[in-house]
> 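I have a structure I would like to understand better, so I am pasting it below and will then ask my questions one at a time.
Chain naming here is simple, since letters A, B, ... match the order of the sequence lines and numbering starts at 1 in each. Not measured: the values here are computed from a predicted model.
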Number of protein chains: 2
Amino acid sequence: MSGTNKRRITSKELAKLAGVSSATISRAFSPDSRIGRATRDRILAVAREYGYQPNAIARSLNNQRSRLVALVVNAIGNPCEAEEQQLLVHRLQARQLLPIILCCADHSDRLQLMRLASTYQVDHVVIFSDMVSMQDAVDIFHTTKPIIVSFEPLENENVSSIRIDGSAAADAIIDKIVRDGKKRFAYLSGTNSSWIDKLRRSWFAEALAKRGLAFEAQAFGDYSYDSGFKEAVLLLHRDKVDAIISGNDVMAIGARDAARRVLGRNTPGDIAIIGQDGIAMAAWDCNDLTTLSLDHVAFIDAVVELIERHDAGIEGPHSITLTCTPRWGSTA
Amino acid sequence: MSGTNKRRITSKELAKLAGVSSATISRAFSPDSRIGRATRDRILAVAREYGYQPNAIARSLNNQRSRLVALVVNAIGNPCEAEEQQLLVHRLQARQLLPIILCCADHSDRLQLMRLASTYQVDHVVIFSDMVSMQDAVDIFHTTKPIIVSFEPLENENVSSIRIDGSAAADAIIDKIVRDGKKRFAYLSGTNSSWIDKLRRSWFAEALAKRGLAFEAQAFGDYSYDSGFKEAVLLLHRDKVDAIISGNDVMAIGARDAARRVLGRNTPGDIAIIGQDGIAMAAWDCNDLTTLSLDHVAFIDAVVELIERHDAGIEGPHSITLTCTPRWGSTA
DNA sequence: ATCATGTGTGCACACGATTACACAGATGCA
DNA sequence: TGCATCTGTGTAATCGTGTGCACACATGAT
């Protein structure tokens, strides 16, 4: 019984064992279907005895519903996304949905991967990555009717999206930095020019413009600690800035380390460093980062809400807007 | 054509469009099957035109191979595992295998989740979590013949495992700490008593025993930064230890912060702090942790190797052993 | 011309479940 | 009793592919 690798038993075989038809087996496993109380109990007992469980692949084929959800992410290790991924996976599993992770550095590989996932007839698609074009996604997943998307809105009946508004929080942060006397601002991008990167940058750019200021320097990293470290050295040394707005928290930590270690500058006195995301690590004692943070729970609540509407078959593209708040630390 | 949500076209419909039978369609998509060169080209052209792709669910049902792989993990955000998860996901995808993530805090929920995944006829199972009993795993996945397992070896024809040996590295690390004059050692566990936690602890315990020493204190965290911080305060204040061996790197960072911030102690002078895992963050300038590290690439190579043997149908339980090495930082 | 061989295609069934439909028996009501 | 209604079960079709078998045709050797 335990550990032996017999072939899995099928519904037809179980039917013979229980002295019923395979249709009745199926009914015993469907919560609300016409079946006698006694019959169901007997079948479930026999099923337990022989370790029977309905084959989800066969069921999916018949149902036209796979209960699989594709999650397209930039990276699994990346803390910025990991916390949200973790939450979402839990929420999905509570709804008996299984997440398939699609994660790819290269662009054409990513499209290939999305096509592969689409052949598995996934019921929903959640796109965390800012590297994928929504139009590509729509083209590939045009059968799973609406697709759930973070960030990038697209005028398409099949796309629901979550919009993020960080302008008020950025304004509050810039306000404090300016009052502290900082004058030369730099923006440290996470990618060359993704949709979300431009959006985040614009919040701060507008806050600066309102005060007659602008970014005096611009650097491009790749969202990693190392790139934050390296670019910060350049910004501080070459451009002599005294405030760095980073595209995410991890690069901000790298920048802080660079300022402290390589150039002997301290925050917030010599230089202000601002993160974005509000990951747990930002609040660690050794970091204590000032950051524009998004409520991860609210974000995932929104994703789940969109998935539920999709599941319920409510028509039309949906959109939910979330606003960010500042987290005040000792780096600004 | 783009973004419209027509129903996906089936092989039978495409057959009609291309003027062949559905069997021929199938053959056009199977790399080595007897089909005329010209016919295949024509079919592929028509398929591209109508956006046809074979339905993987139906294929899985027929094939008895789903090309799905279940990954059982403790947490997605957890950096200790995330780097390996990331690597593995890439390697799987290169082999056209799709990873399903199973991630659960609660024990009975986890079993439930594994049962759910098993109904999807996953081809392989990789268990990263030290919280799941191998016997449970074997019972649940007894149809997917061998299952791939990290860490815990189990005498079972269906289980292949990867063994980790950190004894030599632990010995080298203890050697240095003892020479530095440290005398009172504490072990900071990540879980109450998981298999891997006991194993890791034993490497250091033996190294101490060899020198006539032993752990004088023991604390239990949960692999998180916060628990490392909290438990370290107790260990340093109550037990007056001067060396802490942590079950992973993240808790070690928490312990270091606690020592520095709450009690004003510095490493490695006042106290030695040792991590385990060798995650990228350990090498960040702000951390520079001394840690017993495992080569993640080699680890994932081993996992993939086991999966390939499984795929190739090579019988028998397999096992691969990896050895750890020390990473020297400024915390010991 | 005959036969062996090889190539390309269609037919029909299998994979393991769900479900519309039909039907037998029980129940209720007049 | 006669008829309508409801309950529980079986039959058979269906979901979309893959593949063994049969067969038609082309090729080549004798």
Side-chain angles (χ1 to χ4, degrees), chain A residues 6-44 46-47 50-68 96 116 118-123 143-144, chain B residues 6-44 46-47 50-68 96 116 118-123 143-144:
Chain A
K6 296 187 288 209
R7 197 176 49 73
R8 187 175 291 260
I9 197 179
T10 82
S11 96
K12 205 165 293 182
E13 295 170 304
L14 189 70
K16 202 153 287 176
L17 290 167
V20 295
S21 80
S22 75
T24 305
I25 299 293
S26 170
R27 284 190 266 257
F29 282 87
S30 305
D32 15 61
S33 59
R34 297 199 332 201
I35 184 177
R37 170 89 187 190
T39 319
R40 162 171 283 153
D41 290 347
R42 183 162 49 88
I43 289 177
L44 291 182
V46 182
Y50 289 91
Y52 170 81
Q53 289 209 242
N55 181 326
I57 296 289
R59 168 185 289 166
S60 300
L61 178 59
N62 185 292
N63 275 352
Q64 311 279 60
R65 286 189 83 234
S66 64
R67 303 197 73 79
L68 295 174
Q96 305 271 90
L116 177 60
S118 87
T119 67
Y120 278 81
Q121 323 289 35
V122 293
D123 286 344
T143 54
T144 72
Chain B
K6 297 188 287 208
R7 197 176 47 76
R8 188 175 291 262
I9 196 177
T10 82
S11 96
K12 205 166 294 184
E13 296 170 304
L14 188 70
K16 201 153 291 176
L17 290 168
V20 294
S21 78
S22 78
T24 304
I25 301 292
S26 170
R27 283 189 265 257
F29 283 88
S30 305
D32 13 63
S33 59
R34 298 201 332 202
I35 183 177
R37 171 87 189 189
T39 320
R40 161 171 285 151
D41 290 348
R42 183 163 46 88
I43 289 178
L44 291 183
V46 182
Y50 289 91
Y52 170 82
Q53 289 210 240
N55 181 327
I57 296 288
R59 168 185 286 167
S60 300
L61 178 59
N62 186 297
N63 275 352
Q64 311 280 60
R65 284 189 86 235
S66 64
R67 303 197 74 79
L68 296 173
Q96 305 270 89
L116 177 59
S118 87
T119 67
Y120 278 80
Q121 324 290 29
V122 293
D123 286 344
T143 53
T144 73

> Is there a side-chain contact between B:R27 and B:T39, using heavy atoms and a 4.5 Å cut-off?
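No, every pair of side-chain atoms sits at 4.5 Å or beyond.
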> Of all of residues 11-27 of chain B, which get a heavy atom below 4.0 angstrom from DNA chain D, listed by number?
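Correct list: B:S11, B:A23, B:S26, B:R27.
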> May I ask you to evaluate whether A:Q64 reaches the phosphate of D:dT14, defined as a side-chain N or O under 4.0 Å from OP1 or OP2?
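For D:dT14, OP1/OP2 do not have a side-chain N/O of A:Q64 under 4.0 Å.
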> Using atom CD1 of B:I9 as one end and atom P of D:dG16 as the other, report the distance to the nearest whole Å.
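Result: 11 Å.
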> Return the OG to CD1 distance between B:S66 and B:I57, rounded to the nearest 0.5 Å.
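Rounded to the nearest 0.5 Å, the OG-CD1 separation comes to 9.0 Å.
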> What's the CG-C1' distance between B:D32 and C:dT7, to the nearest Å?
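The answer, rounded to whole Å, is 16 Å.
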> If I take atom OG from residue B:S22 and atom NZ from residue B:K16, how far apart are they, to the nearest 0.5 angstrom?
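With rounding to 0.5 Å, OG (B:S22) is 10.5 Å from NZ (B:K16).
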> In whole Å, what is the span from the CG atom of A:N55 to the C1' atom of C:dA14?
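In whole Å, C:dA14 C1' and A:N55 CG are 14 Å from each other.
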> Mind checking if B:Y52 touches a base, just sugar-phosphate, or nothing, with heavy atoms under 4.0 Å?
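B:Y52: backbone/sugar contact only, no base atoms under 4.0 Å.
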> Given atom CG of A:L61 and atom C1' of C:dA14, what is their separation to the nearest angstrom?
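Those two atoms, CG and C1', are 12 Å apart.
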> When all nucleic acid strands are considered with a 4.0 Å heavy-atom cut-off, which category describes B:I35: base, sugar-phosphate, or nothing?
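The answer is sugar-phosphate, as B:I35 gets under 4.0 Å only of primed atoms, P, OP1 or OP2.
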> What is the distance, rounded to the nearest whole Å, between atom CZ of A:R59 and atom C1' of C:dT19?
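Taking CZ of A:R59 and C1' of C:dT19, I get 13 Å after rounding.
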> Taking atom OH of B:Y120 and atom OG of B:S60, what is their separation to the nearest 0.5 Å?
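So the gap between those two atoms works out to 12.0 Å.
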> Which whole-number value in Å describes the distance from B:F29 CZ to D:dT19 C1'?
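It is 17 Å, rounded to the nearest whole Å.
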> Sugar-phosphate means primed atoms, P, OP1 and OP2; the rest is base. With that split, encode nucleotides 22-28 of chain D 5' to 3' as B, S or - using protein heavy atoms under 4.0 Å.
-------
> Stepwise, does the side-chain contact (heavy atoms from CB on, under 4.5 Å) test hold for B:Q64 with B:Q121?
CA-CA 8 Å; B:Q64 311 280 60; B:Q121 324 290 29; over 6 Å; no
> So which one's nearest nucleotide on DNA chain C is more toward 5', B:R40 or B:N63?
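Looking at DNA chain C, the more 5' nearest nucleotide goes with B:R40.
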> Check whether any side-chain heavy atom of B:Y52 lies under 4.5 Å from a side-chain heavy atom of B:P54, and answer yes or no.
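Yes, their side chains come closer than 4.5 Å.
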> Determine the contact category for A:T39: base if any of its heavy atoms lies under 4.0 Å from a base atom, sugar-phosphate if only primed atoms, P, OP1 or OP2 are that close, otherwise nothing.
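Sugar-phosphate, backbone atoms only, no base.
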> In whole angstrom, give the distance that lies between atom CG of B:N62 and atom C1' of C:dC15.
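Roughly 6 Å, once rounded to whole Å.
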> Output the rounded distance in Å from CG (B:D41) to P (C:dG8).
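It is 12 Å, rounded to the nearest whole Å.
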> Side chains of B:I25 and B:V20, heavy atoms from C-beta outward: is any pair under 4.5 Å?
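The answer is yes; the side chains approach within 4.5 Å.
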> Taking B:R40 for the side chain and B:I35 for the main chain, is one N or O donor matched with an acceptor at less than 3.5 Å?
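A pair under 3.5 Å: no.
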> State, yes or no, whether a side-chain contact exists between A:T119 and B:R59 at a heavy-atom distance under 4.5 Å.
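No, too far: nothing below the 4.5 Å cut-off.
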